[in-house]
There are 2 protein chains.
Amino acid sequence: MTVTLADVAARAQVSPATVSRVLNGNYPVAASTRERVLKAVDELDYVLNGPASALAAATSDLVGILVNDIADPFFGIMASAIQAEIGGPGGRAGGERLAVVCNTGGSPERELTYLTLLQRQRAAAVVLTGGAIEGAAHRAAMDAKLRKLADAGTRVVLCGRPPAPEAGAIALTFDNRGGGRELTEHLIGLGHRRLGYIAGPEERTTTRHRLEGHRAALAAHGIEEDPRWTVHGRYDRRSGYEATLELLRRDPTLTAFVAANDTVALGACAALRDSGLRIPQDVSVAGFDDLPFSIDAVPALTTVRLPLAEAGARAGRIAMGREEPPPGGIASVRGELMVRGSSGVPRA
Amino acid sequence: MTVTLADVAARAQVSPATVSRVLNGNYPVAASTRERVLKAVDELDYVLNGPASALAAATSDLVGILVNDIADPFFGIMASAIQAEIGGPGGRAGGERLAVVCNTGGSPERELTYLTLLQRQRAAAVVLTGGAIEGAAHRAAMDAKLRKLADAGTRVVLCGRPPAPEAGAIALTFDNRGGGRELTEHLIGLGHRRLGYIAGPEERTTTRHRLEGHRAALAAHGIEEDPRWTVHGRYDRRSGYEATLELLRRDPTLTAFVAANDTVALGACAALRDSGLRIPQDVSVAGFDDLPFSIDAVPALTTVRLPLAEAGARAGRIAMGREEPPPGGIASVRGELMVRGSSGVPRA
DNA sequence: GTCTACATAGAAAGCGCTTGCTGTCACGTT
DNA sequence: AACGTGACAGCAAGCGCTTTCTATGTAGAC
């Protein structure tokens, strides 16, 4: 029925061992023999049995990439960059690896389960992207799982996620706090004193860090924040729209709206427009991430650019052992403030 | 070192066979025994060896999802919906499956290689999303590969891709031609007679079908098309921007710009704005897909909504054998014209 | 011309799991 | 009282590959 190594061996008149060695290319095989084997492989249209090979060799060529939301370009861009470096097909030489992206949907259980599944497959490496989920219990469970993976030989890399020293993972962290602070300082510099903040889900580290940066900027400039100026929601447009309306209701005198990310900012812009406010003449808006579409907003979005693709590529290389991990296993990746049309001087 | 089935068996004082049966739950095991085994599994922190299990059972719980560009929400949305149905962790009961998305980047080789890798892993199912790559050779190679997969027991489903009868795959096709036609007819209905078309890459079926629909509409209304009115490019914003500038250069009297998709349309809008043209007063713009951000464009984009999530979910269910395939194995999914602010009556 | 060394090929022992088949009880039947 | 009959549990044979160790042939080395 299905062609096996033995079939190829028979056809090439060699032993299965030799065929295996030709295929793996890590043992001397005479050129003539190799050729004969390759010919047989081709003629028989032989495809290696992955599970069998993984079982015998005790390693697999799977590399897992965990993302919170695959439909969100924030993750898509990182995943794409990681995958390009992993090799996937067409990547660098050295044995093709199957880079698989797993969508956790931001659920703690799914995150854990995917990790188990990956562990079960004896994945060669795992890259976790984006913010982590807050909560001591989950955090501990994750750390334990990651450590177990690492101990089993799976390389674990965090990309855009806070370090997990307990887990012994390499971390490329985004400086969300610094970026958030810089962004808000820009707004303050323009003269804004009443700033609304549309935050993400409470249970995400990304949310907390960005908000902390925002508040740090406020505090540094002696601006006292009204608790009503912050609204939490999901990381999507719809949520941004509604949160903005809510903010407007709570305090119509706000002059600037800082969103947790660009997608949310877009929703905010829509809400403001629908409320008859002009950007940036009446109110300023700022996002975070600098996703590709942000420059197309009208006016273009002031935001903090995160080097998503670069960080992803680096994480991918580290996961493949093709680049040295940063000293201490932790590196902080900074964002860059992009001042564009959506932020301006507040109305007198 | 690593815990195996045998260890669990020893601890629970049963045979490995029994442990396996408890874990797979497809054979009667006394409740008390089951409990003992489960306890041992838990205490030992046992994780099944995926490859070994796949080898012995001759099936795996991997499901592959092929996408052309993971950073593009068009694919992200479909992938997300498919994955949700596949089960991934947290999905329906019945054994967790590892839904993996593979990013082909639109490269024929990578597409084929991923399929081989999936075949190698003895994937349970494979879903191919989005347009196919044109070209008889590649097409034949794909069909052969898909057929082989299907013959090996892997369920193959196409989502948003033209049918491949040769390959014996289930296909959920988007009616790109019909949508393209309807869209252009809307523009013609508004009075446009000089329409520029910003097409995608030539070698994609999606590109061709949408363009054919556009031309069919033109022909149906007796509008003769100037070959200069079509420009090909990539499916991204940048490309849309440049193509639009080129179109403007070739014929500044165009009154409407139809883009291959929403992302491209956004680029087109930017180019038009930068050229001092107002939308829709001076020129109309239309996209395709109705991605989430399209409604946020200013003005909101007239486009054709494709039920990406619905189609993906259905494809996922079919792949899992939880829904009957459409009669004949082929279903055409229609788009819906969304008329919004970006299209209007041409200037007199 | 015998001996050591190297290059290459094969034999065979698993890797950790699944599953068909074979027991072994404890019951309910006749 | 003898006997089918389920309900469970275990044995053991692989699944298809990798890899260690061993065998063989050939080429220099002395």
Which atom of B/Ile318 lies closest to which atom of B/Pro326, heavy atoms considered: CD1-CD, 4.0 Å
Looking at DNA chain C, which of residues 34-45 of chain B put a heavy atom within less than 4.0 Å of it? none
Under 3.5 Å side-chain donor-acceptor pair for [X] and [Y]:
X        : Y        : answer
A/Thr104 : A/Ser107 : no
B/His138 : B/Glu203 : no
B/Thr18  : B/Ser15  : yes

Among [options], which nucleotide sits nearest the side chain of [X]?
X       : options                : value
B/Arg21 : C/dT19, D/dT18, C/dA9  : C/dT19
A/Ala30 : D/dG10, C/dA9, D/dC8   : C/dA9
B/Ala57 : C/dG10, C/dT19, C/dC21 : C/dT19
A/Ser20 : D/dG16, D/dT18, C/dT18 : D/dT18
B/Leu5  : C/dC17, D/dC8, D/dT18  : C/dC17

Within less than 4.0 Å of OP1 or OP2 of [N], is there a side-chain N or O belonging to [X]?
X       : N      : answer
A/Thr33 : C/dT8  : no
B/Ser15 : D/dG10 : yes
B/Thr18 : D/dG10 : yes
B/Ser53 : C/dT18 : yes
B/Thr4  : C/dC15 : no
A/Asn49 : D/dC15 : no

Separation of [X] atom [atom1] from [N] atom [atom2], in whole Å?
X       : N      : atom1 : atom2 : result
B/Leu48 : C/dC17 : CG    : C1'   : 7 Å
A/Leu23 : D/dT19 : CG    : C1'   : 15 Å
A/Leu55 : D/dG14 : CG    : C1'   : 12 Å
A/Asp7  : D/dC15 : CG    : C1'   : 14 Å
A/Gln13 : C/dA9  : CD    : C1'   : 14 Å

Kindly say whether, by distance alone, the side chain of B/Tyr27 makes a donor-acceptor pair under 3.5 Å with the base of D/dA7? no
Ranking B/Ala52 and A/Ala17 by the position along DNA chain D of their nearest nucleotide, the one closer to 5' is B/Ala52
Greater than 12 external heavy atoms within 6.0 Å of B/Glu35's CD: no
Taking the side chain as every heavy atom from C-beta outward, state whether [X] and [Y] have any pair of such atoms under 4.5 Å apart.
X        : Y        : value
A/Gln119 : A/Thr154 : no
A/Met320 : A/Ile86  : yes
B/Phe75  : B/Leu308 : no
B/Leu5   : B/Leu23  : yes

Using the C1' atoms of the five pairs at each end, what is the angle between the end axes of the helix from C/dG1-D/dC30 to C/dT30-D/dA1, to 10°? 40°
Under 4.0 Å between any heavy atoms, over every strand shown, what does B/Val19 touch: base, sugar-phosphate, or nothing? Just pick one. nothing
CZ (B/Arg122) and CG (B/Leu55) are apart, to the nearest 0.5 Å, by 9.5 Å
